[in-house]
Structure formats: structure tokens, C-alpha cells
Amino acid sequence: MHWADYTAQRLMQRGDRQVSASGITPSGEFHIGHLREILSAEMIHRACMDAGMNSKYIFIVDSMDPLRRVYDFLSPGYEDYIGCPLAFIPAPLEDGSPGDGSVTYADYFLKPFLDALEQIGVSPEVVMNHETYEKGLFAEYIDLAIRNRDEIRGIIQQISGRDLPSDWFPYNPIGSDGSMDGVSVTGYEKPYVFWRDSSGNEGKSDIRKAHGKMPWRIDWAARWVIHGITCEPAGKDHGAAGGSYDTGIPICKLLGGNPPDKIVYEWIQLKGMGPMSSSSGLTIGPMEALSLVPPEILRYVIARSKINRHIEFDTGSALFQTADEYERLVANPVQDVKEMSKRQMVAAETQRGAIRLSQVNPESDPIDSVGGVSFRHLSMLAQIKSSDGDVWSSLNRSGHIKGEPSDSLKVRLARMRNWIDGPHFPEDAKLEIRSEIGDDARGEIGTTGINFLRKLESLLSECEWTDAGISESISEACESTEVTRKQGFASIYWAIIGRSNGPKASSLIFEMDRGNILSLLGNAKLE
RNA sequence: GGGCCUGUAGCUUAGUCAGGUAGAGCGCCGGGCUUUUAACCCGGUGGCCGGGGGUUCGAAUCCCCUCAGGCCCGCCA
């Protein structure tokens with residue numbers, strides 16, 4: 001069974017109504033790792049729906065979280081905003097300096113992420129956490145937390161093993177300069193928390209307004225109560241022993257809630273394409289990933305892995321494999337057969353679950369999402385055919401498609417071209433046309449191969465310059481020089497792209513400039 | 001120091017929660033397609049399930065120990 005279905009089944013014991021949630025702090029660019037946070041919860045939500053439960057999925061944006069420090073992409077001008085909620089400070093401009101505030105910091109980073117989510121079929125109920133404070137929904141729990149301050153403090157100290165300062169308070173008011181840093185609480189009289197800030201100013205915060213926030217570990221537990229959250233997978237940082245999940249559960253109960261079961265997901269690691277990028281700290285954003293592969297493939301990357309396993313996001317050849325695996329599973333779904341062992345049935349069921357949860361639109365038939373062509377093959381065609389029309393006719397000839405390409409295939413080709421032109425395309429899938437025969441290649445070609453290539457050159461100089469004409473010339477050259485086809489083709493590939501095999505030779509040559517190929521082959525000699 | 005996760009065929013892995021004869025894909029090898037040699041089709045090779053012990057009629061699966069790798073314990077998914 002797929003992990004999302006399994007979780008849904010367990011959730012069913014809690015009741016018929018499920019609320020899955022994710023929470024992310026919009027402190028900077030979103031990256032591919034955040035997609036796992038989102039999709040882990042969203043897939044469980046979908047599984048709950050499929051199991052007939054009443055379920056909703058909310059995405060809580062931690063817009064009330066303060067700016068922690070001046071990140072590398074920010075200018076020193078942000079020094080003044082440290083400690084201020086992300087919802088209340090201006091978005092950075094191109095150069096990293098604070099903008100005019102017409103767009104908030106939180107919205108600025110959130111917007112493109114939400115767009116990406118829409119593309120991958122995730123439509124959450126978005127909750128801006130600062131608004132929850134503004135609406136006063138936290139007030140009751142802030143009051144409860146303050147009144148049970150010692151008990152909560154005990155829970156955190158005991159479970160996390162951390163020492164909290166004697167003046168620790170379960171509410172951080174915002175001071176006169178808008179920052180929560182350096183503000184000390186001087187008293188509490190419902191609904192006001194009195195404080196003195198770092199510059200000596202005194203004031204009071206209304207707990208029914210966004211005049212401050214609770215520290216993370218309590219904030220999290222409180223929102224479980226407020227939103228009735230039954231399921232919130234958390235990154236393994238929160239899942240560590242003594243982490244915020246462990247403290248959140250008793251705090252949530254103290255606040256009168258029924259906490260979700262602890263679900264922890266592993267992180268996505270970026271696998272560089274070779275040693276170059278592994279050190280450079282290059283990250284990949286959801287939008288960037290979507291420009292390379294279709295959304296269902298991106299979902300499948302998450303869906304195919306168990307929730308507690310590392311995922312290495314590899315934009316190189318592994319992505320080809322994953323994408324082709326998706327195609328194959330959709331095109332040839334494993335059917336349950338009588339002879340299957342229980343084990344095989346479970347495996348097949350898990351795979352079907354992964355495909356089902358990978359659909360952008362849960363209602364759609366997966367078969368509509370396939371292109372019918374392997375990514376590897378498509379990448380090859382895209383590289384040797386500059387015109388889309390030529391790609392389609394090639395696919396027609398090879399029997400991959402009949403007639404006009406499907407929409408999903410068109411989209412695939414467009415994305416493939418992005419991938420090829422971008423920095424993430426794997427080296428070993430790249431076709432590099434050589435202008436002269438390399439030394440390594442010459443050794444592989446050998447005397448008979450050289451003779452063959454020279455013969456081919458003369459035939460190519462006269463033949464009709466079409467795929468068929470070129471193909472004919474290759475055959476003729478093989479026969480007249482008594483070279484096996486295997487050897488002949490290998491010689492061509494070594495000469496043109498410096499490797500032993502490649503895409504259909506005649507197509508490859510046809511796409512090249514005739515003068516170039518003739519001079520390349522004409523210069524073939526032993527040395 | 002405390003804790004979590006992972007270790008199954010050359011590679012990626014399913015199967016572990018509900019114990020019942022080791023599954024898949026890729027790769028590789030062979031054959032076919034009278035030829036798209038990174039297309040397509042068919043077949044085959046390949047695993048003491050990290051190691052050791054225990055429970056059981058029966059263990060990849062449960063329990064204990066051990067080795068290896070990754071990670072978390074600063075409000076970083």
C-alpha cells in the first residue's frame with residue numbers, strides 16, 4: 001500500500017473529518033525541498049478523500065515569523081528589520097535592498113511558490129499566520145499559555161532538555177520599532193501583555209491582535225487546536241527526539257486540543273550533475289524544476305519514494321529514468337493476476353498508488369498525461385532536430401505517435417528544449433558534434449573504419465541529401481568496403497560525436513551542415 | 001552525549017506496520033524487427049534481503065546485539 005493510503009487508513013480511526021496541514025516560513029526563495037513538505041501533506045489529504053473521508057488541506061504560511069538575520073541575498077539595509085514579522089516588512093528589490101513596502105516580504109517569496117503549486121495541482125486553503133493573530137483566533141490559547149506558563153516551560157525544558165531563562169514568557173510582544181527582539185515582558189492583564197523594549201520604550205500588546213506572537217513550539221501546538229489539524233507531516237528536524245513535535249503534542253493537549261500523530265518526512269538532497277555544482281550550493285526552485293519536467297513527473301519524484309527515505313533530486317540521468325519509469329507504469333499498469341503472490345500484489349498496489357497521487361488533476365485519467373515517447377529518445381530528437389515539425393514526423397515514422405502530437409507531448413518537447421539549453425542537462429545525454437576526429441576516436445575506428453569513412457564521404461558528396469539518401473549511402477559504404485554494419489555505424493559515431501553509439505546516424509548527419517560533415521570525413525586518416 | 005532514518009541483484013529500489021516459497025525497472029547478455037546502432041518487441045543472466053544471535057512449524061519482515069552510511073538535536077522542510 002502506498003504510504004499516503006496507509007496514513008489515511010490510520011487517520012480514519014480518528015474520525016471522518018481530516019485536516020492536513022503544511023507550514024513554511026517564507027524567509028527566502030522556496031526550493032524543491034519545500035515541495036516535499038507540501039506534497040507529503042497534500043498526498044495524504046488526497047488519499048483521505050479517496051478513502052471517502054471529509055478532508056481538507058491547508059497551507060499555513062509563517063508570515064508572523066520574524067526576520068532572523070540579514071541573509072546573503074539581502075542588503076545591510078535589512079539590519080533594521082531583524083526581529084520584525086515577515087508580513088510587516090517590505091520585499092527586497094533586485095539589488096537586495098528593502099523596497100517601498102507595496103509588496104510585503106512574505107508575499108514576495110510566497111507568490112511564485114503558489115504559482116508553482118497550482119501547476120502541480122495543489123490548491124491549498126492558504127492561511128497567513130499573521131492574519132490568524134490579527135483575527136484574534138490565537139487569543140484564547142495565548143491566555144491559556146500565559147496562565148500555564150510554568151507547566152509549558154516545564155514541558156519544554158524536560159522534553160527538549162533545553163534551559164529556558166527565568167524571564168521566559170510564552171508570548172513575544174512587538175516593541176515600538178516593530179521588532180520582537182530585545183522586548184521584555186513586564187506584566188500581563190488579559191488581554192494585554194505589557195512590555196519594555198530595547199530602547200526603553202514601554203507599551204502593551206493586545207493578544208487579540210497581531211501585536212506579537214507565541215514562540216514556535218507553542219505557536220505550532222496552538223494552531224493544531226485552532227485549525228483542528230489531524231495530520232501535519234514535519235521535516236526530520238522537527239521530528240528529532242526532543243524536537244518541536246515531541247513538545248508540541250503535550251502542549252497541544254494542555255491547550256485543550258487533540259494533537260496529530262507524529263509523521264516525519266526525510267529531506268530532499270540535491271544531487272549535482274557532476275562534481276561542479278555539489279560544492280556550489282546551487283539550489284533548484286520549484287519553478288525551475290517545472291521548466292524542465294512536467295508537473296506529474298515532479299509529483300512522482302515525491303510519490304514514488306517512501307516518506308522516510310532520502311530523495312536525491314538529480315537533474316541528470318536519474319531524472320530521465322524516473323520520468324521514463326512514470327511513462328512505463330502509466331502505459332502498462334501492473335494488473336493483479338491470480339498467480340501473484342501477496343507480496344507482488346502489495347507492490348503493484350503501491351505503484352498504482354504512486355501513479356494515482358502523481359496526477360495533477362486527481363480526477364484525470366493518468367493515461368492522458370503520458371507522451372508516449374521516452375524522455376531519452378525525445379532528448380535525442382530534440383537535439384538533432386531544430387524544428388518541432390521534424391521531431392513529430394520522426395516520431396510518426398518510428399511509430400511512436402500517429403498523426404498530430406498530443407498536447408502533453410508538445411509540452412514535453414518544449415520543456416525538454418529548456419532542459420537541454422539550461423545548466424542542468426546531464427553531460428552524458430549531450431550530443432556534441434565534433435569538427436574533427438579526435439585521437440581517442442581514431443584508435444577506435446581503425447584502418448578498416450577509416451577506409452569506410454572515406455568511402456562514405458565520397459558517397460555523401462553525391463547522394464540526395466535526405467534521410468533516406470544518407471541512409472542508402474551508409475549501407476553502400478558498408479557493402480563496398482566490406483565492413484559490418486555494426487562496425488560502420490560505430491565508426492560514424494566515433495567520428496561525429498566521439499562515442500560508440502548514438503541516435504539514428506542518417507538523421508544525425510542530415511541535421512548537420514553538409515560541408516562540415518564532408519570535411520570531417522574527408523580528413524579521416526590513420527595517424 | 002542524546003535520538004532518528006537507511007543498508008535487499010552492477011545501479012535505483014518494492015516488499016518490513018498485519019511473518020508464509022525473494023519482486024520490479026534500469027544495465028548487461030542473446031534473439032527478433034529485412035534496419036531509428038540511445039526506437040520497438042521477445043527471452044535470459046543476476047540477490048546466503050549489512051553481519052550475528054533469538055522467538056517461531058516458518059523471519060527481509062518481530063526481539064536483542066553488532067557493523068556501515070546519512071541526518072537531526074540553533075524557531076532552517
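Chain naming here is simple, since letters A, B, ... match the order of the sequence lines and numbering starts at 1 in each. The basis for the numbers below is simple: all heavy atoms, side chains too, and nothing from hydrogens, waters or symmetry mates. What you are looking at is a predicted structure, and each value in this text was computed from that prediction instead of being measured.
The distance from atom CG of Leu409(A) to atom P of A39(B) is 16 Å, rounded to the nearest whole Å. Tyr300(A) has its OH atom 12 Å from the P atom of G25(B), to the nearest Å. Here A39(B) presents its P atom at 15 Å from CZ of Phe375(A), a figure rounded to the nearest Å. Rounded to whole angstrom, the span from the CD atom of Gln13(A) across to the P atom of C17(B) amounts to 16 Å. Between the OH atom of Tyr245(A) and the C1' atom of C75(B) there is a distance of 16 Å, given to the nearest Å. One can place CG of Asn172(A) at 12 Å from P of C75(B), the figure rounded to the nearest angstrom. When the C1' atom of C76(B) is taken as reference, atom CH2 of Trp216(A) falls 11 Å away, rounded to whole Å. Here G74(B) presents its C1' atom at 8 Å from CZ of Arg162(A), a figure rounded to the nearest Å.
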Restricting both atoms to N or O, compile the protein contacts to nucleotides 6-10 of chain B shorter than 3.5 Å, with distance only.
from  : atom 1 : to        : atom 2 : distance (Å)
U6(B) : OP1    : Asn308(A) : ND2    : 3.1
G7(B) : OP1    : Arg309(A) : NH1    : 3.3

Any N/O pairs under 3.5 Å between the protein and nucleotides 26-33 of chain B? List them or say none.
none

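Distance noted for atom C1' between A59(B) and U8(B): 14 Å (whole Å). U13(B) and G1(B): their C1' atoms are spaced 35 Å apart (whole Å). With P as the reference atom, C49(B) and A60(B) are 7 Å apart, rounded to whole Å. Taking the C1' atom of each, G25(B) and G44(B) are spaced 16 Å apart, rounded to whole Å. On the C1' atoms, U37(B) is 16 Å away from G31(B), given to the nearest whole Å. Taking atom C1' on both nucleotides, C76(B) is separated from A39(B) by 46 Å, rounded to a whole Å. Atom name C1', nucleotides G51(B) and G7(B): the rounded distance is 11 Å, in whole Å. Here, C5(B) and C63(B) have their P atoms 12 Å apart, quoted to the whole Å.
Donor-acceptor pairing under 3.5 Å is recorded for the side chains of Ser63(A) and His130(A). Side chains of Arg14(A) and Thr230(A): no donor on one and acceptor on the other come within 3.5 Å.
Using cut-offs of 30° and 60° on the angle between ring planes, the pair Phe425(A) and Trp419(A) is perpendicular. In this structure, His34(A) and His31(A) have tilted ring planes: the angle between them lies in the 30° to 60° band.
Stacking between Tyr265(A) and A77(B) is absent: the ring centroid is not both under 5.5 Å from the six-membered base ring centre and under 30° in plane angle.
Using a 4.0 Å heavy-atom criterion, one finds that Ile268(A) contacts the bases of the nucleic acid, with or without backbone contacts as well. Within 4.0 Å of Ile159(A), counting heavy atoms only, lies no atom of the nucleic acid at all. Across all strands shown, Gly242(A) has no heavy atoms under 4.0 Å from either base or sugar-phosphate atoms. Contact annotation for Ser394(A): base contact, defined as any heavy-atom pair under 4.0 Å involving a base atom.
Picking from C75(B), G15(B), A39(B) the nucleotide with the shortest atom distance to the side chain of Thr350(A) gives G15(B). Of all nucleotides listed (A77(B), A24(B), G70(B)), A77(B) comes nearest to the side chain of His31(A). Closest to the side chain of Lys236(A), from the set C75(B), C72(B), A77(B), is C72(B).
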**Base-pair map of RNA chain B as dot-bracket, where | denotes pairing with a different strand and pairs are Watson-Crick or G-U under 3.5 Å** = (((((((..((((......[..)))).(((((.......))))).....(((((..]....))))))))))))....
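No salt bridge links Asp62(A) with Lys213(A); every basic N to acidic carboxylate O contact stays at or beyond 4.0 Å. The pair Asp219(A)-Arg223(A) counts as a salt bridge, with a side-chain nitrogen and a carboxylate oxygen less than 4.0 angstrom apart.
Mapping Arg217(A) and Phe489(A) onto RNA chain B via the closest heavy atom, the residue that lands nearer the 5' end is Phe489(A). Along RNA chain B, the nucleotide nearest to Ser374(A) and the one nearest to Leu381(A) differ in position, and the one closer to the 5' end is contacted by Leu381(A).
Here Trp220(A) and Tyr141(A) keep their ring centres 6.0 angstrom or further from each other. For Tyr133(A) and Phe138(A), the distance between ring centers is under 6.0 angstrom.
With hydrogens and angles left out, the side chain of Arg68(A) and the base of C75(B) share a donor-acceptor pair within 3.5 Å.
Residue Lys455(A) qualifies as open at atom NZ: its count of foreign heavy atoms under 6.0 Å is 12 or below.
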**Request:** Quick one: do Arg299(A) and Val122(A) satisfy side-chain contact (heavy atoms from CB on, under 4.5 Å)? Show the steps, please.
**Result:** CA-CA 10 Å; Arg299(A) 290 186 69 105; Val122(A) 176; 3.7 Å; yes
**Request:** Please report the C-alpha distance between Leu67(A) and Cys84(A) in whole Å, then the side-chain angles of each, then the deciding distance to 0.1 Å, and finally whether the side-chain contact (heavy atoms from CB on, under 4.5 Å) criterion is met.
**Result:** CA-CA 6 Å; Leu67(A) 184 72; Cys84(A) 301; 5.7 Å; no
**Request:** Start with the C-alpha distance between Asn308(A) and Val264(A), add both sets of side-chain angles, then the distance that settles side-chain contact (heavy atoms from CB on, under 4.5 Å), and finish with yes or no.
**Result:** CA-CA 7 Å; Asn308(A) 57 359; Val264(A) 176; over 6 Å; no
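Each of Phe30(A), Phe113(A), Phe313(A) was scored for a side chain to side chain contact (heavy atoms under 4.5 Å, CB included) with Leu35(A), with one residue passing: Phe113(A).
Look at Arg10(A) and you won't find any side-chain N or O under 4.0 angstrom from OP1 or OP2 of A18(B).
For the pair Leu357(A)/Leu39(A), no side-chain contact is recorded, criterion being any heavy-atom separation below 4.5 Å from C-beta on.
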